[in-house]
Amino acid sequence: MVKYIMVAGGVMSGVGKGVTTASIGKILQAYGYKVTAIKIDPYLNFDAGTLRPTEHGEVWVTDDGGEIDQDLGNYERFFGFDVPKKNNMTTGQIYKAVIDRERKGEYLGQTVQFIPHIIDEIKARIRDAANGYDIAMVEIGGTVGDFENVPFLFAMKSIERDVGEDDVMYMLITYLPTPSHIEEMKTKPTQQAIKLLNNEGIFPDFIICRAKKPLDDIRKKKIETYVNIASDHVISEPDIDTIYRIPLELEKESLGIKILEHFHLRPKHKVDLSAIESLVKKIQNPTKELTIAIVGKYVDIGDYDLADSYISINQALIHAGAHMGIRVNTQWIDAKKIERGDKELDKLKSCGGVIVPGGFGNSGVEGKIKAIQYCREHKLPFLGLCYGMQLAVVEFARNVCGKTDAHTTEIAKDTKSPVIDILESQKDIIKKQQYGGTMRLGAYAAILKKDTLVYELYEKTGRLKADREKLKAMEQKKGAEFRLGVLEHKPTILERHRHRYEVNPAFVEELEKQGLVFSGYHKLDGKTSLMEFIELQGHPFFIGTQAHPEFKSRLEDPAPLFLGLVEAAAKGKK
Ligand code: GLN
């Protein structure tokens with residue numbers, strides 16, 4: 001029987017509910033249980049692909065091609081397995097499924113209503129995603145008191161009625177503010193959030209208290225007295241230097257054992273968090289420090305949160321650094337400022353390496369190309385991700401092959417040297433569907449060329465071997481074939497994609513002749529080769545990938561290319 005832990009948020013959003021949920025899951029994993037997590041987004045968008053005002057904010061991509069808000073990223077980074085898209089649901093998906101079914105006549109004769117039809121759809125999806133696990137965390141987006149999340153709270157109560165109250169637990173993650181003019185931590189908003197949850201018939205079993213500082217016993221007692229929750233179920237979660245320490249901190253309050261006790265479960269073995277413990281120590285006490293520049297587009301996205309828009313890249317750098325005992329700082333560089341003058345480019349001098357991340361559209365493109373040229377010519381370690389790789393090909397075509405008008409047709413439709421272009425097969429998809437779902441999305445296989453740096457990195461990190469195993473398992477499943485390409489017995493890896501354009505096959509031979517190495521390719525329909533990796537010989541580290549390897553980076557299993565970049569940057573720093 002699956003045990004369910006519902007996690008809701010109180011007081012305000014943005015307090016790290018996803019990371020807390022992932023951390024609690026991690027603890028339960030460390031006691032030997034099979035744990036998954038499900039994220040519910042109460043908005044009406046079908047998925048996060050069309051959610052952002054621009055396409056520049058990070059959208060999390062799952063192996064099976066889901067475009068999701070960053071939350072599943074937290075789960076994957078902590079749990080260490082690929083979380084499928086069905087573990088995220090939005091109000092839009094729920095209603096669409098019910099209405100589609102109604103149109104098909106599947107409810108003939110019935111009045112289709114919020115209760116039971118919408119609630120049943122929510123329950124079925126939660127139970128399907130939870131199936132096969134010992135414990136399923138169900139994180140409900142938004143804050144209690146929002147109209148939007150009432151259906152989901154109701155559905156959880158209904159699941160409780162189905163499975164019995166011993167198998168369901170409720171957690172509320174709140175925030176305790178300390179107003180600067182009184183310097184005292186206040187519990188009142190938390191008390192009120194608990195009452196709002198009570199209004200839905202839910203009496204939380206645990207209150208997780210986010211705050212600047214740890215919660216003292218007086219405040220825990222106060223919550224116990226006012227809202228009737230044992231003070232040892234009021235758990236303190238103060239701000240912290242690294243998110244990866246959260247499971248360790250929560251365990252200091254014996255949260256894992258307390259949860260297991262609630263479910264009448266025993267630890268399957270002694271709790272083992274030693275792997276993250278030693279990595280956290282390395283994060284806290286690095287032996288070296290370096291800076292990686294991220295050349296992106298920032299300013300024209302309103303009040304956009306910089307760090308958040310490249311969260312996976314940031315995390316991938318932290319993971320790689322942790323394994324090498326290196327603190328990796330990031331320096332944000334605005335590609336549009338590079339276009340305005342070389343001063344911005346000078347900032348690269350003090351950096352150990354450069355990342356040009358994914359992106360869309362023409363803003364800052366020439367600045368990014370300048371930054372890439374600088375890296376190539378000054379032998380500065382460079383990693384190009386998706387758009388970053390495409391622009392590295394453009395730079396190479398222009399400045400090495402002498403094709404001064406080379407470009408991507410995303411920007412220059414009529415260029416005579418469309419080194420990056422949309423393939424015919426992709427054009428068809430775009431014609432059929434104007435918005436959303438018009439990209440190459442999810443995990444695709446890439447065959448690696450031996451004697452390349454890319455091959456070496458995937459090989460020595462064990463990723464090549466692990467991905468082969470995964471591919472073998474996928475081969476058995478129907479429906480995944482189109483992503484696999486032709487495997488034969490070649491070294492093959494899996495990375496996630498989210499893009500429309502590709503390196504134009506018509507230019508590959510010429511680029512190769514001039515020294516650009518294509519270190520990996522995907523076989524589309526067994527025919528066309530799509531270029532997945534580029535690199536340059538005679539350069540300490542110059543790699544580009546059509547994929548987004550940052551989505552597969554975990555603290556305990558960092559992404560090979562990020563390890564390579566940080567390693568090269570560290571060598572250069574000597
Ligand atoms: N805009 C490019 C494309 O659509 C790159 C996308 C990306 O960087 N994710 O192919």
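Quick note: residue numbers are just sequence positions, from 1. For ligands, and for the atoms within them, numbers begin at 1 and follow the listed sequence.
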Between ligand 1 and the protein, which N/O pairs are shorter than 3.5 Å?
residue  : atom   : partner : partner atom : Å
ligand 1 : 1 (N)  : G359    : O            : 2.9
ligand 1 : 1 (N)  : E410    : OE1          : 2.7
ligand 1 : 1 (N)  : E410    : OE2          : 3.1
ligand 1 : 4 (O)  : R500    : N            : 3.0
ligand 1 : 8 (O)  : G359    : N            : 2.9
ligand 1 : 8 (O)  : G359    : O            : 3.4
ligand 1 : 8 (O)  : Y387    : N            : 3.0
ligand 1 : 9 (N)  : R498    : O            : 2.8
ligand 1 : 9 (N)  : H548    : NE2          : 3.1
ligand 1 : 10 (O) : Q390    : NE2          : 3.1
ligand 1 : 10 (O) : R500    : N            : 3.1
ligand 1 : 10 (O) : Y501    : N            : 2.8

- prompt: Strictly by modelled atom types, are H548 and R496 linked by a side-chain donor-acceptor pair under 3.5 Å?
  reply: no
N/O donor to acceptor pairs below 3.5 angstrom from side-chain atoms of residues 385-392, sequence neighbours left out:
residue : atom : partner : partner atom : Å
Y387    : OH   : G361    : O            : 3.0
Q390    : NE2  : Y501    : O            : 3.1
Q390    : NE2  : Q546    : OE1          : 3.3

field: Donor on one side chain, acceptor on other, H319 and E556, under 3.5 Å
entry: no
- prompt: Can you find a side-chain donor-acceptor pair between Q373 and E377 that sits under 3.5 Å?
  reply: yes
message: With a 6.0 Å cut-off on the ring centroids, do Y244 and F78 count as close?
response: yes
message: Looking only at the side chains, is there a donor atom on one of D41 and T90 sitting less than 3.5 Å from an acceptor on the other?
response: no
